[in-house]
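What follows is a single structure, written as structure tokens, with notes after it.
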Amino acid sequence: MANARKDLGRRLAQWRTNAGLRQVDLAKLIHYSRSQIANVEVGRDNTTRFFWHNADAALGAHGALLAMSDQVHALVRDFHAQREQARDQQRQQAAVPPSPLTAGSAASPVACGCGPAVVGRWTGREVRALREALRMSVRAFAEHLGVATAAVSGWEHRTTPALAEQSVLDQALTLADTDSKARFRLLLDFPDDTTPRALGGREAAGRSPVTPIHEAGRTRPSS
């Protein structure tokens with residue numbers, strides 16, 4: 001997978017060089033930062049299809065770059081699916097047989113975090129949950145998606161993403177790693193900072209809520 005990303009990055013650099021463009025020139029044409037162009041060309045950034053669509057059009061690649069990026073994204077999806085399947089098998093092998101009272105919750109894909117992460121309609125709540133799950137600022141998330149910072153801010157506060165923009169968000173969620181998808185589910189389940197369950201029924205001003213992953217036995221280092 002890493003080699004495929006590097007090959008794709010080298011192909012982008014070749015097309016850019018043949019077009020007589022510097023990294024900063026291409027960045028201006030497709031509205032990305034120069035640093036992100038540099039990261040993509042060395043295989044360190046698995047960016048979205050929107051990026052490759054714009055780059056392909058700007059460089060006159062006639063679909064060649066876009067097709068190659070689709071192959072890499074398919075490889076990434078297969079890798080994540082295989083890894084999640086392997087982790088699920090490990091969980092099943094290590095799990096103690098559940099009691100009749102807990103069998104339903106233990107078998108739930110959402111409860112175990114092993115089910116697919118799918119959004120029917122993106123709203124500000126889901127957009128913010130994905131950004132925070134990826135541990136990105138608004139600006140970094142916008143660059144990751146290939147959209148303007150103002151667009152992300154608008155989605156989170158008032159504007160429902162258009163269908164094409166929802167497709168970009170779908171892909172970003174699909175390409176997210178397993179831990180990020182698990183955080184995404186948690187953030188959707190507990191969006192507020194004062195969730196009674198998260199705080200154990202007590203007021204705790206200025207403190208972050210304890211999410212289910214902490215209730216399961218993990219504790220944060222004392223500050």
Side-chain angles (χ1 to χ4, degrees), residues 1-81 117-119 122 126-156 159-181 184:
M1 189 170 64
N3 288 336
R5 286 176 177 171
K6 290 179 181 178
D7 288 341
L8 179 57
R10 283 193 290 266
R11 186 64 62 87
L12 173 64
Q14 289 173 358
W15 277 97
R16 177 180 58 76
T17 301
N18 292 341
L21 298 176
R22 300 170 300 169
Q23 290 178 344
V24 67
D25 298 327
L26 178 59
K28 290 179 180 178
L29 285 175
I30 64 175
H31 307 293
Y32 275 78
S33 66
R34 189 211 62 80
S35 61
Q36 190 160 12
I37 300 293
N39 286 333
V40 170
E41 289 189 354
V42 296
R44 286 202 301 261
D45 191 337
N46 184 37
T47 189
T48 65
R49 193 176 193 271
F50 190 73
F51 170 95
W52 291 104
H53 177 273
N54 290 348
D56 190 284
L59 297 174
H62 304 292
L65 284 173
L66 188 60
M68 190 173 181
S69 73
D70 285 342
Q71 293 176 356
V72 174
H73 285 148
L75 183 64
V76 172
R77 286 194 299 269
D78 291 344
F79 169 77
H80 287 311
V118 178
V119 175
W122 288 90
E126 289 80 16
V127 173
R128 180 169 183 173
L130 178 58
R131 176 176 63 79
E132 292 185 352
L134 294 172
R135 300 295 193 245
M136 291 183 177
S137 66
V138 172
R139 180 176 180 180
F141 188 55
E143 288 192 355
H144 180 66
L145 298 178
V147 300
T149 302
V152 173
S153 181
W155 296 342
E156 292 191 7
T159 306
T160 301
L163 291 179
E165 296 166 337
Q166 296 207 20
S167 178
V168 172
L169 291 164
D170 287 338
Q171 186 180 33
L173 178 57
T174 299
L175 295 176
D177 59 34
T178 304
D179 291 341
S180 295
K181 290 177 181 176
F184 176 72

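No hydrogens, no waters, no symmetry mates; every other heavy atom, side chains included, goes into these values.
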Legend entry - Validation row: L21, L59 side chains within 4.5 angstrom (heavy atoms): yes
Legend entry - Side-chain heavy-atom pair L145, F51 within 4.5 angstrom cut-off: no
Legend entry - Contact check, side chains of L169 and L173, non-hydrogen atoms, under 4.5 Å: no
Inset, instruction - Compute whether any side-chain donor of one residue and acceptor of the other, for D56 and W15, lie under 3.5 angstrom apart. - result: no
Inset, instruction - Could you tell me which residues satisfy ring-ring contact (aromatic ring centres under 6.0 Å, His included) with F141, sequence neighbours excluded, listed by chain and number? - result: none
Legend entry - D177 side chain to S180 side chain, donor-acceptor N/O pair below 3.5 angstrom: yes
Legend entry - E165 vs V147 side-chain heavy atoms within contact, under 4.5 Å: no
Legend entry - Option passing side chain to side chain donor-acceptor pair (under 3.5 Å) with E41 (candidates K6, R10, R11, Q23): Q23
Legend entry - Whether over 12 other heavy atoms sit under 6.0 Å from R128 CZ: no
Inset, instruction - In sequence, state the C-alpha distance, the side-chain angles, and the governing distance for V118 and T174, and then conclude on side-chain contact (heavy atoms from CB on, under 4.5 Å). - result: CA-CA 8 Å; V118 178; T174 299; over 6 Å; no
Legend entry - Flag for Q171-R49: side-chain donor and acceptor within less than 3.5 Å: no
Legend entry - Pairwise side-chain contact, R131 with V138, heavy-atom cut-off 4.5 Å (strictly under): yes
Legend entry - Heavy-atom side-chain proximity of L12 to L26 below 4.5 angstrom: yes
Legend entry - Side-chain touch M68/D7, heavy atoms, less than 4.5 angstrom: yes
